[in-house]
Amino acid sequence: MRPRVEESALGAARCEFCGLSVVASRPGKRSLERARYCCYGCYVADSIVRGADRRSDAGKAARWLLARILIASFLAMGVMVFSIVLWSSAVFSPAEGETHPLGPLAGLFRWFALVLSTPALILLGLPILRGSLPLVFRGRRGDGERRLPSAVDALVTLGAGAAWCLSVIHVARGEGEVYFETAVLLLLLLTVGRWLEATARVRARRSLGDLAALLPDRAILVTAGGREESVAVSALARGHIVRIRPGERIPIDGKVAEGIASVDVSLVTGESEPRSCGPGDAVFGGTSPVDGTLDIIVSSRKGERLVDRLHAAVDEALRSRPRIERIAEISSRHFLRAVVAIALGTFAFWGARLGWFEGLRASLAVLLIACPCSLGIAAPLAIAVAVDRAARRGILVRNGDVFEALAGRGACFFDKTGTLTLPELELSRIVPVDDADPVEVFATAISLAAWSTHPVASAIRRAAEEQGRNQAASSETGDPEIALARSTRPETRPGRGVRREDRGGPSLLGSDRLLEEEGIAVPHDERLLDGRRTGEKRPVWVVREGRVLGAITLRESLRPEAHATVLAVKSAGFDVEVLTGDERVAADDLARVLSVPVHANLLPNDKVDRVRERAARGGAVIMVGDGLNDAPVIAAATVGISLASATDLARDSADVVLVDSGRSCVLDGLPLLLDLSRRTLARIRWNLVWAFGYNTIGIVLAATGHVHPVLAALLMMVSSLCVVATSVGPNWVVEGERRERSPLAPRVFVGETLGAGSLERNRT
Amino acid sequence: MTGPTLEFLAALGVAAGASFHCVGMCGPFVLASALSGDVRRAFLRRELPRQLLYHVGKTTTYLFLGALAGASGELLIRAQSELGRPLGILAAIVLFAAGLAGLGRLPGTGAVAGTSLGRTIARAFARFGDEIRSLPPSFRPLALGTLSGFLPCPLVWAFLAAGAARGSAVESVALLLALGLGTAPVLIALAWTGRLVSASARARIARIGAFGLIALALWTGWRAVGRPSCCESGVRLPRDAPAANDPALPAEDPALE
């Protein structure tokens, strides 16, 4: 089977598996049908990937590939048996007048070896030659990335063929050594080595695709009449309601319409602790309710789910060519040129001294032991694994270069609002005026905020929901007028608040200016001034029927993980600073809490200037912001990191996105990413050192005739496996590692303090 | 009948007797490669070729391992001729242990099952087994047979040890050929009938095979210890080997002429 070939704007085809350019064997339409993989390894890898569906044409091709390897292994064992027996007998070569220990069987065994080796060579050698020779002879200059490895594959195969041909001649003549086992083992080890390497690459890439494949194809649709109907997931549209029972996997992204359940989100975000979800909460495809049934309103179709977008983004990242990978490939190309030159020199030297076949054997050993796989996969495989590991923790890496940048030292700038702090305001205190009842203050505020979508109103409603009060406090105060008042929608006064005309006068929820407009004197309260000094926002007044009951103060609350994250980034060797457009007062409060410099009253251009100024001093500059409104600053940094919700992924252009899929500690992803980057770079460096060291020593030994070609092939395979094993080794980041919440993270116990008759912000 | 022929027949008999033990380990593989349904009626036409393919695969693996073992023994003894006796004794011990395991006096490979090594090996075989199941049906018996030859088995190890001690790849291959041929009939009968004789009868026959292994062990040990030199234990030395010029050795030894 042939891959689906993508035509670029310039008309050059691309390998479906890795994206590199592919030279069509012939021009015209037929060339698309006969398009090539860029190398044999990609052909093998693509066969494995597509072979997941055993019934498809690709699946049959994958099964045939495996069958070829197994048949060739069987034949190789047979050849080895005869070869070893012949060797054993040859050691005791008979003296003159004596008969050979094996007698006439010796000649027969040579024929058996020939018969068994021939199909093995055809099964393994022909596919390699068919895949590599056209690229070698017809490849353009720009295809050097894959041309040389294909040349090596072709040379090894031709060398094995030459060994086989010579052996056939000797068998026909009845004298001379035979090398059938060498020829067969060379090709077998080469093919198995490519297979193992391809399997590892596929495994590194397919994990998120596997997740998408795990999602069910069918869902239970709840119709308007309440009936349940099984439908294909692809037929679901926005607004449909699907029912998910405990243990079933949610097939689509959506919002809970009915039901409450603990949802296992580990497959999507990596969190091990299930998350409680109820009406209004967002849920994502791939998660699974553990202990309850959920009815979910579909919000995204198949192909637009978080999992699908993550998979596409990871795929895009894997096709990117980080700097270190480009360097490794260039080095690999030069290295291979040197290897081919050394192999030719080895052939000439030993051929002149000991005969052309000995020269061939030594040069084959050089070609085989100088495995390009180690150099070629050292960087890409490690990066692919790192991208995958990051994605499994909700860290979307769009560009492989970030790992190299984040492994060093430099500076890290944080935006304040929405990044270090939660995007929503939080109710801080209720400050009653005179002898007003705080419960009444809060209940009145709730009744006025019920209709508004303003962030202040949202914060008040959230505070009410936290203490389990979705309705007005009429049942607790016994005031029926409040209940009546809730039925009347307030009037919005843009920029000032909301107003409702009640029986005894206006009821207001808003700023000083709203009170002044209504002719109500704004009270002066020292407690409110103290709050301003500690970072609270301007107070929101609550007025009922013309009488000022009190004020509600709000503040931004620091993310629980913010303090720990800043500490971790500092200990990783980055200078941390905060950039904010907020007032000096709020900035000073934050600086005190986090113990880092905070620059206030900055316009977006000022932030960009600061980032560029720091970048000019050297070192990586990281900018962490909330994506959309920090876009210019993020773009100016060496590594731009944004916090984005799942729906914003498509618009976000940062290098790294910490996907806020509703989990509480999204900033935790940053220390994880820094740690992952360090480990990735360390592994790449180790792989490259190993590759160069092994190849250098191996080439010297092979060129001096100390290594048999079969041993060289075996060492090549072992070297590749070492690189693969190092890259895809055990999990690099400690599982279950949790950062302790900062002791300074504020929390509001509204219910508790309401019961006590006063409200204070409670720090835990 | 010449000596080597007698040895081959003896090995064949030991393998046949001990093969009743093989039903436990290789039985599942045999049945996995067998066609489903009532195979008895179509056995000769449909099932027997598949079973023969299975045993060709298994025997090829045995021959390959035997060649490696024999060559290794040969190389060792070439390097150090005095190693012939210790190798022979070691082979005798392994054969004896295999016999005791067959009699239930020593733990068999089942003892490894609960260990991390055992689990690792099982996972590797399971993975190969999954790949083999995805092959076209006509390839499966050959692949299964080839794979099952690598299963850890005291009987195979015993024969390999004996082969290595012979110090000759040719003789080692012959030994393992006897193993492959000797174990085939019982397993083919298993595929045909779906079951063999009763468990108690099977156990009795397996005990006979175990005693055969012990007898083979004693004979191998006697050959290694009872003869004064490695040459007379059956190892032929190259003409330029030091021991070839040892005056203590009998002059009529054809290897020294």
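Being a predicted model, the structure only gives us computed values, none of them experimental. What you see below is based on every heavy atom in this structure, not just the backbone, and it leaves out hydrogens, waters and symmetry mates. Convention: sequence-line order gives letters A, B, ...; per-chain numbering from 1.
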Counting only non-hydrogen atoms closer than 4.5 Å, does B/Ala71 touch chain A with its backbone (N, CA, C, O), its side chain (CB onward), both, or neither? both
Residue pair A/Met80, B/Leu63: steps toward the side chain to side chain contact (heavy atoms under 4.5 Å, CB included) verdict: CA-CA 9 Å; A/Met80 286 292 294; B/Leu63 295 181; over 6 Å; no
Separation between CG (B/Leu142) and CG (A/Leu70), nearest 0.5 Å, reads 9.0 Å
Quick one: CG on B/Leu147 to OG on A/Ser73, what's the gap to the nearest 0.5 Å? 11.0 Å
Highest number of heavy-atom pairs under 4.5 Å with chain A: which of B/Leu65, B/Thr61, B/Thr60? B/Thr60
Rounding to 0.5 Å, atoms CG (B/Leu68) and CD1 (A/Ile84) come to a distance of 4.5 Å
